[in-house]
Amino acid sequence: MNAFRREIIFTGNPNAGKSTLFNALTGAHARTGNWHGVTVGALSKAVKSPRGRFLYTDLPGIYSLDGYSMEEKGAADYLRGHKNALLVNVADVRTLSRSLRLTRALIGAGYAVVLALTMCRAFRKNGGSVNVSALSAALGVPVFAVDAFRPREVKAFNSFLQGEGAFRAAHARKTGEKDEGEKPLPRSVYVPQKRKAGFIEKICYNRALCLPLFFCLMGSLFFLTFGRGMPGAAMKSWLEELICVRLADAVGAHLSVPAVRALVCDGFFRSAGGVLSFLPQLAMLYGFLLFMEESGYMSALAFTADGVFRKFGLNGRAVFCVLLGFGCTAQAVLSTRGFENRAMQKRTICALPYISCSAKLPVYLTLLSSVFARPFLEVAGLYALGVVVSLLVFSFLSRGEKGEFILELPEMQLPDPIFFVKTLLFRLKQFIIKIVTVVTAFTLAVWFFSSFNFSLRYVPAEESMLAFFSDGLKYVFYPVGVRDWETAFALFSGLVAKENVAGLLTLFYPAGLPYTAPTAFALAVFVLFCSPCISAIAASAREIGWKDSLCNAVLQTATAVLAAYAAYFLFVYRIFIPAAAVLVLLLAAGKRLCFERIHRKERRHAQKFHR
């Protein structure tokens, strides 16, 4: 902190626009969304300006200084440890009367507070009014109406926060001064908006219509993304032709050395480039999830699905985690801090890896497109299977406690177009960076070790260094029709990053995958059930510890092998039901054993603590 002139902390009720304002002021890319629990931990960014260096920190939403969920308690503890910081209390002007409870509590606790009002345009459009100057005089602290999408307002607000008078103005009201408590604001200061629920909101918050609407939207998304002749598949084919054929052939024509030509054409263009060709389909998936987050539909879905999730030992809060899991398992794991107790958090972390993240999509399509003319139904089936297995794991690990579910219900709204496009492009940029760096580096390293022997002589793959170390892996997948080590190595490389699997399969089999339909589907099931990538395991370790995270990863990988066998039997031997029954029993026994061990350990620690 000595290197910074001031720390500026953003706090306030959930879903008030803290992260959006934080991003606008700092140029950061903190995750935003029109739902409770987007921010799950303190996120800081240093900002350098002509006035010096400032530290901006975005905290999870809280309703009071006495936290309810784990993320709220963490935010409250952070505030207690930074009493000398300048607090930007972000409040949705549409729910100002409720938001001022936290504002008055922060003022009464002696913090330097600046109140930032958001959503003012929509508020005034619906007949509401607020007198900013009068509100500032009533509270004794500076008050600003800030629109994060208007650069002029953002710049003016940032200039005030970095100015010398900001801290003095925010501390104008002396600590210990008598608080006005829950006294309502006079109409000369604040007039609430007059707004009735629209047609879309009536549908989205209708328990009988919201879930069917969600399934219809998901079905339409999958059809448009993966259906033959649909935009997603057409753009993917065009990009694949451009990168893997035209560019690869054009560059290869100028390379005369076979090893160099294989490195550039096969190791880069046809492997990493092949994974990159899935960008249009990922863009459609990311766009759908982003629209759900920013429009408020995700909160509506959580509200209406609460009763369904309670049957599996959870509450509607799990909807956020499951839907985030379609994008990134690591982010979904971190979002579990929103639960109010550790037991429910651990159950969710154990089940989330079975949700198909976006990194598994290229693998599914690489495997299934080689044997199915229209992989739309197969890919949709894998996504549905992952959700079903996750719910079963929730149910198996349930101990009866479901917890309360407190949710801030936002107004349904269309996302700001410019913000929507910028956020979507940023997420696609992150995917491209990962392919160009991590996946390309991993693929090129594999190409080297699979092309040279220990004497560094260019040899066929079966005589290479990698073949020497990986030959034994093929026996794991013998029962599903795999007879080569290349496939087994590619599948297990997904433990590092799932995108590696698609890249290596393209590298090892440039002429096409040599699988039958039962084998391809069984391998896709293995990818579905397998342990998540290293980043997701690390996120899990931050929440429940490395020992339990690694135990879960090993158990999930072993379960994935059994699931692949069961899927293969479905096609070949038609004994899927008994195999599936055995798999479910093994999954239930293993997960419950692991979960009971965690609880026994917690009880021992609790007894020692009380003694």
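Between Thr336 and Gln345, the side chains place a donor N or O and an acceptor N or O closer than 3.5 Å (distance only, hydrogens not considered).
A side-chain donor-acceptor contact under 3.5 Å links Arg80 to the backbone of Leu65. The backbone N or O of Gly163 sits less than 3.5 Å from a side-chain atom of Arg6, completing a donor-acceptor pair. One N or O on the side chain of Gln281 and one on the backbone of Thr225 form a donor-acceptor pair closer than 3.5 Å. In this structure, Ser390 contributes its side chain and Ala351 its backbone to a donor-acceptor pair below 3.5 Å. At distances below 3.5 Å, at least one donor-acceptor pair connects side-chain atoms of Tyr190 with backbone N or O atoms of Val93. Judged by distance alone, the side chain of Ser136 and the main-chain N or O of Val141 form a donor-acceptor pair under 3.5 Å. Lys83 places a side-chain N or O within donor-acceptor distance of the main-chain N or O of Ala109, the cut-off being under 3.5 Å. In this structure, Arg51 contributes its side chain and Ser159 its backbone to a donor-acceptor pair below 3.5 Å. Judged purely by atom type and a 3.5 angstrom limit, Tyr297 uses its side chain to pair as donor or acceptor with the backbone of Phe214.
Annotation for Ile418: atom CD1 does not count as buried by contact number, only 12 or fewer foreign heavy atoms lying within 6.0 Å. Applying the 6.0 Å contact sphere to CZ of Phe223 captures no more than 12 heavy atoms from other residues, nucleotides or ligands. The environment of Leu414 atom CG is sparse: at most 12 non-hydrogen atoms of other residues, nucleotides or ligands sit within 6.0 angstrom. The environment of CZ in Arg542 is sparse: at most 12 heavy-atom neighbours from other residues, nucleotides or ligands sit within 6.0 Å.
Heavy atoms only, all atoms of each residue included: Gly296 and Tyr205 are closest at O-OH, 4.4 Å. The two residues Ile349 and Glu543 make their nearest non-hydrogen contact at CD1-CB, 3.6 Å. The minimum heavy-atom distance between Tyr56 and Gln162, with the atom names listed, is OH-NE2, 3.0 Å. Between Lys18 and Val90, the closest heavy-atom pair is CG-CB, 3.7 Å. Closest of all the heavy-atom pairs between Ser19 and Asp58 is OG-OD2, 2.6 Å. Among all heavy-atom pairs drawn from Asn13 and Ile62, the shortest one is ND2-O, 2.9 Å.
Relative orientation of the Tyr364 and Tyr383 rings is perpendicular, given thresholds of 30° and 60° on the angle between their planes. Under the 30°/60° scheme for interplanar angles, the aromatic rings of His82 and Tyr78 are found to lie parallel.
The CG atom of Asp92 sits 6.5 Å away from the OG atom of Ser99 when rounded to the nearest 0.5 Å. The CD1 atom of Ile9 sits 12.0 Å away from atom CG of Asn89, with the distance rounded to the nearest 0.5 Å. Note that CG of Leu285 and CG of Leu221 are 6.0 Å apart. Values are rounded to the nearest 0.5 Å. In this structure, the separation between CG on Asn23 and OG1 on Thr423 is 8.0 Å, given to the nearest 0.5 Å. The OG1 atom of Thr26 sits 9.0 Å away from the CG atom of Leu21 when rounded to the nearest 0.5 Å. The NZ atom of Lys45 lies 11.0 Å from the CG atom of Leu55; values are rounded to the nearest 0.5 Å.
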Note to self: Let's go through Val379 and Leu365 carefully: what are the C-alpha distance in whole Å and the side-chain angles of both, what is the deciding distance for side-chain contact (heavy atoms from CB on, under 4.5 Å) to 0.1 Å, and is it a yes or a no?
What the structure shows: CA-CA 7 Å; Val379 173; Leu365 293 176; 3.7 Å; yes
Next item on the list: Could you please spell out the steps behind the side-chain contact (heavy atoms from CB on, under 4.5 Å) verdict for Val387 and Phe326?
Entry: CA-CA 10 Å; Val387 175; Phe326 286 121; 3.8 Å; yes
Note to self: Does Val88 form a side-chain contact (heavy atoms from CB on, under 4.5 Å) with Leu25? I'd like the steps, not just the answer.
What the structure shows: CA-CA 12 Å; Val88 178; Leu25 291 168; over 6 Å; no
Item checked: Working for side-chain contact (heavy atoms from CB on, under 4.5 Å), residues Val130 and Val143 -> CA-CA 11 Å; Val130 58; Val143 179; over 6 Å; no
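Within the 4.5 Å cutoff, no side-chain heavy atoms of Phe22 are placed close to those of Leu59. In this structure the side chain of Cys321 reaches within 4.5 angstrom of the side chain of Leu352, judged on heavy atoms. Looking at heavy atoms from C-beta onward, Val439 lies out of side-chain contact with Leu276 at the 4.5 angstrom threshold. Between Tyr354 and Val393 the shortest side-chain heavy-atom distance falls below 4.5 Å. Residues Leu301 and Cys210 are in side-chain contact: their nearest non-hydrogen atoms beyond the backbone lie under 4.5 Å apart. The side-chain heavy atoms of Ser549 and Ile544, taken from C-beta on, include a pair separated by under 4.5 Å. Residues Leu100 and Leu115 have side chains in contact (heavy-atom distance under 4.5 Å, counting atoms from C-beta outward).
Between Arg121 and Glu153, no side-chain nitrogen of the basic residue sits less than 4.0 Å from a carboxylate oxygen of the acidic one, so the salt-bridge criterion is not met.
Between Phe149 and Phe419, the distance from one ring center to the other falls under 6.0 angstrom.
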